[in-house]
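Quick note: numbers below take in every heavy atom, side chains included, and nothing from hydrogens, waters or symmetry partners.
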Amino acid sequence: MSADTPRRIALLRHAKADWPQVSDHDRPLAERGRKDAPAVGLKLAETGIAFDLALCSTAARTRETWKLAVQEMPHRPKTSYEERLYDASLGELIALLNETSDDVTDLLVIGHNPGMHALADALSGRAEGHALARMSRTGFPTAALAVVSFTGSWKTLEHGAGTLLDFWTPKDH
């Protein structure tokens with residue numbers, strides 16, 4: 001893979017979670033989340049991207065979102081459960097992406113807000129169509145998905161380096 005390799009990263013916020021009397025890390029999906037997670041899986045399948053790797057937060061709601069979403073996808077990527085995704089700042093998220101092997105062309109990250117929204121916003125120096133305006137208008141609701149492309153090595157990924165290709169929320173289907 002050369003320095004001019006085109007890459008894509010999909011940023012997925014976990015589906016709607018419930019608020020039972022458990023730690024925040026252990027919160028399960030709510031009924032709506034269990035409906036939205038397969039829908040976002042279908043959207044991921046529609047992108048036609050065969051992800052090389054999925055990085056998923058260790059929180060219960062992200063793991064449950066991923067378990068339901070991946071069932072709708074034709075290709076199951078290698079999955080790594082990454083505890084650093086839980087409650088990560090924008091800087092921590094970019095540092096984590098910078099660690100990605102250049103063997104990975106297409107990466108899926110399943111995480112939390114405000115990190116997923118901040119990361120999508122920070123990476124998107126440009127946008128196709130109305131994707132950036134829609135993301136700005138709607139925020140980054142549960143089960144939202146942003147797909148960003150960039151060229152180069154993961155080690156050099158930085159603010160403004162990418163193009164927002166698509167932004168989708170469950171209300172879009």
Under the ring-ring contact (aromatic ring centres under 6.0 Å, His included) rule, collect the residues that match up with [X], sequence neighbours excluded.
| X | value |
| --- | --- |
| H117 | F140 |
| Y81 | none |
| H130 | none |

Going by the rule salt bridge (Lys or Arg N to Asp or Glu O under 4.0 Å), which residues pair with [X] if we only count those two or more places apart in sequence or in a different chain?
| X | result |
| --- | --- |
| D166 | K43 |
| R8 | D106 |
| E99 | R84 |
| R61 | D24 |

For E83, side-chain contact (heavy atoms from CB on, under 4.5 Å) partners two or more places apart
T58
With sequence neighbours excluded, tell me which residues meet side-chain contact (heavy atoms from CB on, under 4.5 Å) with A88.
E92, L93
Within the distance-only criterion (no hydrogens, no angle test), does the side chain of [X] pair as donor or acceptor with the backbone N or O of [Y] below 3.5 angstrom?
| X | Y | result |
| --- | --- | --- |
| H112 | R13 | no |
| T62 | S57 | yes |
| Q71 | K67 | yes |
| R27 | A60 | no |

Side chain to side chain donor-acceptor pair (under 3.5 Å), that's the test. Do R134 and T169 meet it? Break it down for me.
CA-CA 10 Å; R134 282 192 16 255; T169 71; over 6 Å; no
hydrophobic_cluster_shared for [Y] and [X], side chain cutoff 4.5 Å:
| X | Y | result |
| --- | --- | --- |
| L68 | V40 | no |
| Y86 | L11 | no |
| L123 | M135 | yes |

So, D4 versus T151: side-chain donor-acceptor pair below 3.5 Å or not?
no
Quick one about W154 and S101 (side-chain donor to acceptor, distance below 3.5 Å, no hydrogens or angles considered), yes or no?
no
Here's a test for you: under side chain to side chain contact (heavy atoms under 4.5 Å, CB included), which of I9, L107, I110, L108 qualifies with L55?
L107
Restricting to side-chain hydrogen bond (donor to acceptor under 3.5 Å, both in side chains), what partner residues turn up for S23, sequence neighbours left out?
D26
Which residues satisfy the side-chain hydrogen bond (donor to acceptor under 3.5 Å, both in side chains) test with T47, sequence neighbours excluded?
none
Considering only heavy atoms from C-beta outward, does the side chain of [X] approach that of [Y] to under 4.5 Å?
| X | Y | result |
| --- | --- | --- |
| L96 | E82 | yes |
| L44 | L145 | yes |
| C56 | V109 | no |

What pairs meet the side-chain hydrogen bond (donor to acceptor under 3.5 Å, both in side chains) rule with one or both residues in residues 118-129, with sequence neighbours excluded?
R126-T163
